[in-house]
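What you see is a predicted model, and the numbers here were worked out from it, not measured in a lab. Labels below follow one simple rule: chain letters A, B, ... track the order of the sequence lines, proteins then strands, and each chain is numbered from 1.
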Number of protein chains: 2
Amino acid sequence: MKRGRRSRIRRDLRQEILAFIARWYRQERTYPTVREIQKGLKISSPSVVDYHLRRLEQEDLITRVGRRSRGIRLRRWPDGLAPEEDLIPIPFLGPIAAGEPIPHPDAEPLGWIRIPRPWLADGNGLFALRVQGDSMIDALVGDGDLIIVKPAPEVEDGEMAVVWLTDRHETTLKRVYREGDRVRLQPAHPTMSPLYVPAEAIRIQGKVIQVLRNLNGLPLPVEP
Amino acid sequence: MKRGRRSRIRRDLRQEILAFIARWYRQERTYPTVREIQKGLKISSPSVVDYHLRRLEQEDLITRVGRRSRGIRLRRWPDGLAPEEDLIPIPFLGPIAAGEPIPHPDAEPLGWIRIPRPWLADGNGLFALRVQGDSMIDALVGDGDLIIVKPAPEVEDGEMAVVWLTDRHETTLKRVYREGDRVRLQPAHPTMSPLYVPAEAIRIQGKVIQVLRNLNGLPLPVEP
DNA sequence: ATATTATCCGAACATTTGTTCCATGTCAAG
DNA sequence: CTTGACATGGAACAAATGTTCGGATAATAT
């Protein structure tokens, strides 16, 4: 057995291989062969690749189907390398009614609703709530509507916000305008008159960035 | 050369192969090998498959990448075998304002908006309109909202419909209730009072099955 | 009928690809 | 240092896969 100079052990070769598979899939929409991985990562022998693939399989990160060519399948996507999804899952945190504060954003989601990516500038941190009752009707939000909320302690003047009124123990949706030491809460409905409250009597919970409503009976589906 | 009994020529074998590739891809998310096609369609020799694959390539229905295994790629999906898309394109027909009738459903679309499949019972025949102005505000539909409409000459009692008022030359959204020879048009807003008109003074244009609203400035994107 | 074209068939060849074997090297713990 | 787990290297085998070739048959045009 010949032995040239050994290259040093690559401590994270396993992760490199995983990432390579993911990148390959993203570009080619198919999985690489053992030898394509070998060449792509300049590994000296297919047996090394095979060795790591077995390990990855033990760790449940990939599966291999039989002896078929290109039989590698990713079970989990390495961070940041998941293929671009068209639909972004937003956690659904439950109903929201006038008399109750909104659920904590980190609460265990009751389900997920998937929103087309182009509809959202950034899906991060968003959550969805189902509106109960007509209390937000002057924000043009009716019973059963689904709202997508971005948590935020403050909002720009004029933005539609989820507001918790500390003294009334009420949640509402209003456009918020700061006016000195008080705040004007303006309904979306043009003929409704605004509400003025002291600045310390409200807590901004977040911005409403989207309202979704289905009219034909069934509400927008939330997947478990 | 031996010669057993020949099987009759399969006149549409080429199409069968194409369909087989599509089915295989739908299920496996990868492309079949020549011999997998051969076995799947009970073809006597891989050369027959190869022969048809060349033809399909000439017809620009598939591509083949080099000598790589599983190197077939579909260029067009045979009818009815396209993979299930998560997003259904709905034609966007333009703005709708109080004073104008809605565009004809068959009009040339100005763009497309893609709606998640689970949100729609059936995407067939639907179209999207952008609401202009506040004239439909008592249906909880505001300026800039996008509505998804299913064309229909009639609606069930209580359904939200796009209604053309023939004498006023106005388009509105209302819930429709038949009451003898007149019709009650009920706003979605609970405090607004209904409008009563003679049955012949309205034209039902369709049902509103969805309302979509983006609050953070940008309207829901319509792709050209 | 004859000619022409399209299709099929079996076999074999040439690569590609998955897999195994065994020797050897690397590294950290004891 | 010794040990053991982990990792690498080279080679070869076996199976799979893509491809070619010559000839046959079937369908269609002339």
Among [options], find the nucleotide with the atom closest to the side chain of [X].
X	options	value
B/Arg10	C/dC8, D/dC6, C/dT19	C/dC8
A/Asp50	C/dT19, D/dA11, C/dG10	C/dT19
B/Ile9	D/dA27, D/dG10, D/dC6	D/dA27
B/Leu13	D/dG9, D/dT19, C/dC8	C/dC8

Next item on the list: Classify the side-chain pair A/Arg203/A/Thr166 by whether it contains a donor and acceptor separated by less than 3.5 Å.
Entry: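 Per modelled atom types, A/Arg203 and A/Thr166 side chains form no pair under 3.5 Å.
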
Distance below 4.0 Å between [X] side-chain N/O and [N] OP1 or OP2:
X	N	answer
B/Ser69	D/dT17	no
A/His52	D/dC6	no
B/Arg11	C/dT7	no
A/Arg67	D/dT17	no
A/Arg68	C/dG18	no
A/Arg55	D/dA7	yes

Check: When you match A/Ser47 and B/Tyr51 each to their closest nucleotide on DNA chain C, which lands nearer the 5' end?
Finding: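 Final value for this comparison: B/Tyr51.
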
Check: Toward the 5' end of DNA chain C, which comes first, A/Arg54 or A/Lys39, by nearest nucleotide?
Finding: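 Between the two, 5'-proximity favours A/Lys39.
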
Item checked: Spatial distance of atom CG (A/Asp79) from atom CG (A/Leu18) [nearest 0.5 Å] ->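 Taking CG in A/Asp79 and CG in A/Leu18, the distance rounds to 10.0 Å.
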
Using whole Å, what does the distance between atom [atom2] of nucleotide [N] and atom [atom1] of [X] come to?
X	N	atom1	atom2	result
A/Leu41	D/dG9	CG	P	13 Å
B/Glu57	D/dG18	CD	P	13 Å
B/Trp24	D/dT17	CH2	C1'	13 Å
B/Arg70	D/dT19	CZ	P	14 Å
A/Ile72	C/dT16	CD1	P	18 Å
A/Leu56	D/dC6	CG	P	14 Å
B/Gln38	C/dC9	CD	C1'	11 Å
A/Lys42	D/dT8	NZ	C1'	18 Å

Checklist line | Salt bridge present between A/Arg213 and A/Asp145 (N-O < 4.0 angstrom) | finding: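 So A/Arg213 pairs with A/Asp145 through a salt bridge.
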
Note to self: I'd like to know if B/Asp50 pairs up with B/Arg64 as an ion pair, taking the criterion as any Lys NZ or Arg NE/NH1/NH2 lying under 4.0 Å from an Asp or Glu carboxylate oxygen.
What the structure shows: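 A salt bridge is present here (some side-chain N lies under 4.0 Å from a carboxylate O).
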
Note to self: B/Lys207 and salt bridge (Lys or Arg N to Asp or Glu O under 4.0 Å): which single residue from B/Glu156, B/Glu159, B/Glu154 fits?
What the structure shows: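 When B/Glu156, B/Glu159, B/Glu154 are each tested with B/Lys207, the salt bridge (Lys or Arg N to Asp or Glu O under 4.0 Å) holds only for B/Glu159.
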
Next item on the list: Classify the nucleic acid contact of A/Ile43 as base, sugar-phosphate or nothing, counting any heavy atom under 4.0 Å across all strands shown.
Entry: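 Touches nothing.
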
Check: Just checking A/Thr33: base, sugar-phosphate only, or nothing, at a heavy-atom cut-off of under 4.0 Å?
Finding: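 Sugar-phosphate contact only.
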
Item checked: hbond_proxy A/Ser44 side chain to D/dG10 base (donor-acceptor, 3.5 Å cutoff) ->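 Donor-acceptor pair under 3.5 Å: no.
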
Margin query: Is it the case that the side chain of B/Ser45 and the backbone of B/Ser47 share a donor-acceptor pair, with hydrogens and angles ignored and the cut-off at 3.5 Å?
Written below: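 Yes; judged by distance alone, with no hydrogens or angles, the pair exists.
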
Next item on the list: Take A/Arg35 and B/Gly66, find for each the nucleotide of DNA chain D with the closest heavy atom, and name the residue whose nucleotide sits nearer the 5' end.
Entry: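 Checking each residue's closest nucleotide, the 5'-ward one belongs to A/Arg35.
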
